[in-house]
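Order of the sequence lines sets the chain letters (A, B, ...), proteins ahead of strands, with each chain counted from 1. Just so it is clear, the model here is predicted, and its values are computed rather than measured.
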Amino acid sequence: MSLLFAPTMREDPQEAEVVSHRLMLRGGFIRQLSAGVYTFLPLGWRTLEKIIRIVREEMNRAGGQELLMPAMQPAELWKETGRWDLYGPELVRFQDRRGRDFCLGPTHEEVITDLARREIRSYRQLPLMLYQIQTKFRDEIRPRFGIMRAREFIMKDLYSFDRDVEGLRVSYQKMYEAYCRVFSRCGLRYIAVPAESGVIGGDVSHEFLILAESGEEKVFVCPSCNNATTVEEAVCPQCGGFLEEKRGIEVGHIFQLGTKYSEPMKAYFVDRDGKEKPLVMGCYGIGIGRTMAAAIEANHDEKGICWPISLAPYEVVVIPVNMKKEGHRQAAEELYGKLCQSGFEAVIDDREESAGYKFTEADLIGFPLHIIVGERMERSGRVEVKLRRTHERFEVQKDDVCELLEKIRKELLG
RNA sequence: CGGGGCGUGGCGCAGCCUGGCAAGCGCACCUGCCUUGGGAGCAGGGGGUCGGCCGUUCAAGUCGGCUCGCCCCGACCA
């Protein structure tokens, strides 16, 4: 860690009020460049990549194929769907040197539909699911809460193409399940609720919310049948029990678009019966950065972040209590090496700081597992393994550390 | 966009109301000594011209105007 670029802060920066924003700044995960525009520092980027990896694996598993579309998009496309005017000032617009209108994509229905109409001819090419993980731009009325509502943010957006509504339902269901897997794997408590479809449009839509005290959205959850809704009156028909009011952060949204874009953009295919029909589409988004923020909102304490192990920038930190003592240093280095070899994502806090300083910082950053190498090691060859979230402590012979951590990791991953 | 708040070394703040001639405190940073199981101690040191512009005044961080930026509340959203 002596060389890790993770500039931590002892005090709360005055611009940050929300927990996740505060902890990400203090822990050296992000830095702000402008309102709603952030740099992800090495720790922040590692966590982001953890989320991205999980999302990518689940999208692929569900049949999605990854591609990458341009952020820079010509106005003509947006005029075709009418959104050049409808989207409003939130759309980041600019002109190229020749005075042609462009925007930075806040979403990619137009671009993907354009691609589809050029390339999809036959029902034999369907169903198809294409997705990307990419930076989006929305000039938010009011960026807020750090990366929770940013003007530039990373989003996974997947688009499904089917022959008919039946097919769309199948694709939608697959995505619904994929989303459940994504958020479970992120170690988050989520809930899916039927939702309004807003500017994106379409008929059926669900929001995925991470349950957290600080959530902006009210949700009503039935504890027995686990159904949820954003409208109080809609009592779970299944059991008719009472509803618990909770709060959630929207991290994903899936929509059945139908032919809302394919029709105006003339994205047709030839069906088995030889007739030309509009593609039946769905779109499915996940806010990657927002998921990270939500994970912190839902997983922290007075001392700092308590990362779910699947999202932690590193799984384990090895802390030699006193770097000046050869014994501590050597044992810590040896352990660190072994952990890396055993496939752990580890760091060693080899700074010549006081033990207290290193403990405090390890808590702030939120490494799920701490290994403390101190006097006990000198006397008995034992080191201490500590769990960040539960404060559980284990004393083990240093040769048994890897084995113990394997076990703990397995448990933490559920 | 409406309402509120804030801009003073890297971070957190004081000073501003009641201009005054040395811009200060804590943390961080650098050097040395010492210390290392919960953000150690001592000594020495470097760094700001007070968001910007215009004005008032003998004199502006302090007063006035304009402007830029950031945060919070509201209407919208991954």
Q: Would you classify A:Arg393 as touching base, sugar-phosphate or nothing, given that sugar-phosphate means primed atoms plus P, OP1 and OP2, and contacts are heavy atoms under 4.0 Å?
A: base

Q: Could you tell me whether the side chain of A:Glu353 has a donor or acceptor atom within less than 3.5 Å of a complementary atom in the base of B:G39?
A: no

Q: Give a yes/no verdict on a cation-pi contact between A:Arg389 and A:Trp307, requiring under 6.0 Å between NZ or CZ and the six-membered ring centre and an angle within 45° of the axis.
A: no

(Q) Once you apply a heavy-atom cut-off of 4.0 Å, does A:Val251 come out as touching a base, just sugar-phosphate, or nothing? (A) sugar-phosphate

Q | Watson-Crick or G-U wobble mate for B:U57, both contacts under 3.5 Å | A | none

Q) So how far is it from A:Ser20 OG to A:Ile147 CD1, rounded to the nearest 0.5 Å? A) 7.0 Å

Please enumerate all protein N or O atoms sitting under 3.5 Å from an N or O of nucleotides 9-12 of chain B, with distances to 0.1 Å.
from  : atom 1 : to      : atom 2 : distance (Å)
B:G12 : OP1    : A:Gln14 : N      : 2.9
B:G12 : O2'    : A:Glu11 : OE2    : 3.3

Q. Given B:C73, is OP1 or OP2 found less than 4.0 Å from the side-chain N or O atoms of A:Arg142?
A. yes

Q | salt_bridge(A:Glu177, A:Arg181) N-O dist < 4.0 Å | A | no

Q: Using a strict cut-off of less than 4.0 Å between a Lys/Arg side-chain nitrogen and an Asp/Glu carboxylate oxygen, indicate whether A:Lys136 and A:Asp157 qualify as a salt bridge.
A: yes

Q. Is the NZ or CZ atom of A:Arg93 positioned over A:Phe102's six-membered ring, under 6.0 angstrom from the centre and within 45° of the axis?
A. no

Q) Do A:Arg138's NZ or CZ and the ring of A:Phe153 fall within the cation-pi criteria of under 6.0 Å and 45°? A) no

Q: Once you apply the 3.5 Å cut-off to both distances, tell me the Watson-Crick or G-U wobble partner of B:C29, or none.
A: B:G45

Q) Going by modelled atom types, is there a donor-acceptor pair between the base of B:G39 and the side chain of A:Lys303 at under 3.5 Å? A) no

Q: Would you indicate whether the side-chain heavy atoms of A:Met1 and A:Lys358 approach each other to under 4.5 Å?
A: no

Q. Using a cut-off of 4.0 Å on non-hydrogen atoms, how would the nucleic acid contact of A:Ala16 be classed: base, sugar-phosphate, or nothing?
A. nothing

Q. For A:Gly252, which contact category applies under a 4.0 Å heavy-atom criterion: base, sugar-phosphate, or nothing?
A. sugar-phosphate

(Q) Looking only at side-chain N and O atoms, does A:Tyr38 offer a donor or acceptor that is under 3.5 Å from a partner on A:Arg31? (A) no

Q) Is A:Leu369 close to A:Leu387 at the side-chain level, that is, under 4.5 Å between some pair of heavy atoms? A) yes

Q | CD on A:Glu90 to CD1 on A:Ile141, rounded to 0.5 Å | A | 6.5 Å

Q | Working for ring-ring contact (aromatic ring centres under 6.0 Å, His included), residues A:Phe208 and A:His253 | A | CA-CA 6 Å; A:Phe208 282 77; A:His253 204 149; 9.0 Å; no

Q | Residues from residues 356-364 of chain A lying under 4.0 Å of RNA chain B - heavy atoms | A | A:Gly356, A:Tyr357, A:Phe359, A:Thr360, A:Glu361, A:Asp363

(Q) I want to confirm an ordering. Mapping A:Ile372 and A:Met155 to their closest nucleotides on RNA chain B, which one lands closer to the 5' end? (A) A:Ile372

Q | Sub-4.0 Å heavy-atom contacts from residues 19-39 of chain A onto RNA chain B, ordered by number | A | A:Arg26, A:Gln32, A:Ser34, A:Ala35

Q: With heavy atoms under 4.0 Å as the rule, sort A:Phe137 into base, sugar-phosphate or nothing.
A: nothing

